[in-house]
Amino acid sequence: MSIVQSRWRARSVRHRFALLRWSKGLQVVVVGAPLTLFLVGLASTAATAAPEIRLVLQITVDQLRGDLPLRHAQQFGKGGFRYLLEEGVWYTDAQYQHANTETVVGHASLATGTVPAVHGMIGNVWFDRDEGALLYNVEDGRYDLVDENAGVDRATEIDPTQRLARSQGRSPAAVLTSTIADELAKRYRGESKRFAVSVKDRGAIPLAGASGKAFWFSKRSGGFVTSRYYYDRYPQWVSDWNAEGRAQGYAGRSWELLHPPEQYRFAGRDDQAWETDVAGFGRTFPHPWGEATSRYFTTLLTVSPAGDELTLDFARTLLVAEQLGQDAVPDYLAISFSSTDYVGHLFGASSLEMEDNLLRLDRTLAELFALVDREVGLKHTLIVLSADHGGPEAPGYLQELGQPKGYVDASALSPEALNPALRKKLGVEADLVTSFFSPYLYLDRALVARSNLDLGRAQQALAEIVLAQPQVSAAITATEIEAGRLAEGPIPRLVAANHHPKRSGDVYVVFRSQEFVNDFDGLTVTVHHGSPWRYDRHVPVVFAGNRLKGQRVSRPVTPYDIAATLANRLDIEAPSGAIGAPLPEVAR
Ligand SMILES: [Zn+2]
């Protein structure tokens, strides 16, 4: 009997046990099950009983499109991606079912097991109608950073969404539903330790949930920081780690290729005109990080594998210092690796930089799994790895392959461009469009009311104007969604799953496939994700550890299933908004 058959039998019998437990019609259920099969299954189930879970390790790789680890599978070393590929349950067709595939949206979806329409994190930035201002997703003026000198430096911050935040304070207050970390807290009377770490605040805060502890990297201080939501002062181990100056160790050095050039599939293609030429960092290897005193030194660390290495180093210290996974109460550690996202933005998915970044990430993962095995034991650790979103290819790369793709002209969506047409169409004097902040266009709703216009009609008129632009594929209004008048089809469904009536804008704009805005407030990048197209929604979902048996599953699943599956394995309640289902290859 092959392993596959034996496993199938084991599962089929487990399924019958489940029915037995829940059904009083015992006889009906058992009838038809051959006795031999039953006995084989019984033995097999007992033999594969999983050890207790002492640690849940939830890894997120920012912008890791689902196909990328498989593309480079033959190049990986031992213990990292190869361990996941060979010994993990790897879902090759996991797709988000929401439209705005941005970082906080994905991280919150992984933490809560639901869509942004429910958890409320509809974009990295949204317009707060009460405040009358754009709001950065995890900003919270009530909770300043513990180290007040470690906040965002607007002069050197390259992330335009960070520059929008009105305060340095951060908290998870905007996440509207509970997370896996929160449910662990409830189940174990708060005794379960819960931590999240990332270079990005928005990569850590949603996963720590309302009740865990989050740390993220400060480009200003070169250390990891947190806010007063979590701590009044740093734990000693955090102060010690920051005092060691690990980031400074990269000063004067460069990001170089891990292996000899001939081992890379993109070796002859390092210098591409479409890649972003960040001053001092360049388009080709080696990419110098510069001296510690240079303005962009820490920024350049984050846009290279160094950011992930620092994240691992901090997480390693955390795991040991906080004694995670040392007893029968399961602890939770979420780590989000951000380098893949920055490298993707600057160089694209098919670049020598992305290739080397993934090989270095593989090494980082191998070190992490070795550490966890040493400190906790992989058999007592349930690992899940996924991504917050995928990413597109560079239009220049596609052009070279005979696919005529280009960038979107965002100025065509500015209030200045749209207001004259909207005035004419509605026969009013007022300028109703206030802003376009991808993916939403916003109207001045008070002005719409004062102009005696129906909001739905104003939105519809704007949608029609926008849809007439060749670069726009769909324009969907808030009223269509809220009134249940949405057209059938996959794109409207994805946009509706992204819609929160208090936070979403008036018109959701979808650009043509493989075309996107690349100019953000002066920063030009090679690629940008955030679309409802498949390459932005497709991510890996892999479970490993805890004596799971390796297999590859091609059945379509969603990343929302992760929270439900973790809840199943941990015997805890699923998060309050969770819509996913436990994945049967992992669930008990
Ligand atoms: Zn991201």
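As the structure lists them, so they are numbered: ligands from 1, and atoms in each ligand from 1. All values below come from the heavy atoms of this structure, side chains included, with hydrogens, waters and symmetry mates left out.
- Aromatic ring orientation, W90 versus F81: tilted (interplanar angle from 30° to 60°).
- Side-chain contact check for Y560 and H119: no donor-acceptor pair (N or O, by modelled atom type) lies under 3.5 Å.
- Counting heavy atoms from C-beta outward, V539 and Q95 have side chains that stay 4.5 Å or more apart.
- At least one N, O or S atom of D62, from either the backbone or the side chain, sits less than 2.8 Å from the Zn ion (ligand 1).
- For the Zn ion (ligand 1), the N/O/S atoms of T103 include one lying under 2.8 Å.
- Between the side chains of E355 and Q75, at least one donor-acceptor pair of N or O atoms lies under 3.5 Å.
- With a cut-off of 2.8 Å, the Zn ion (ligand 1) has an N, O or S atom of D388 in range.
- Not one N/O/S atom of H107, from backbone or side chain, sits under 2.8 Å from the Zn ion (ligand 1).
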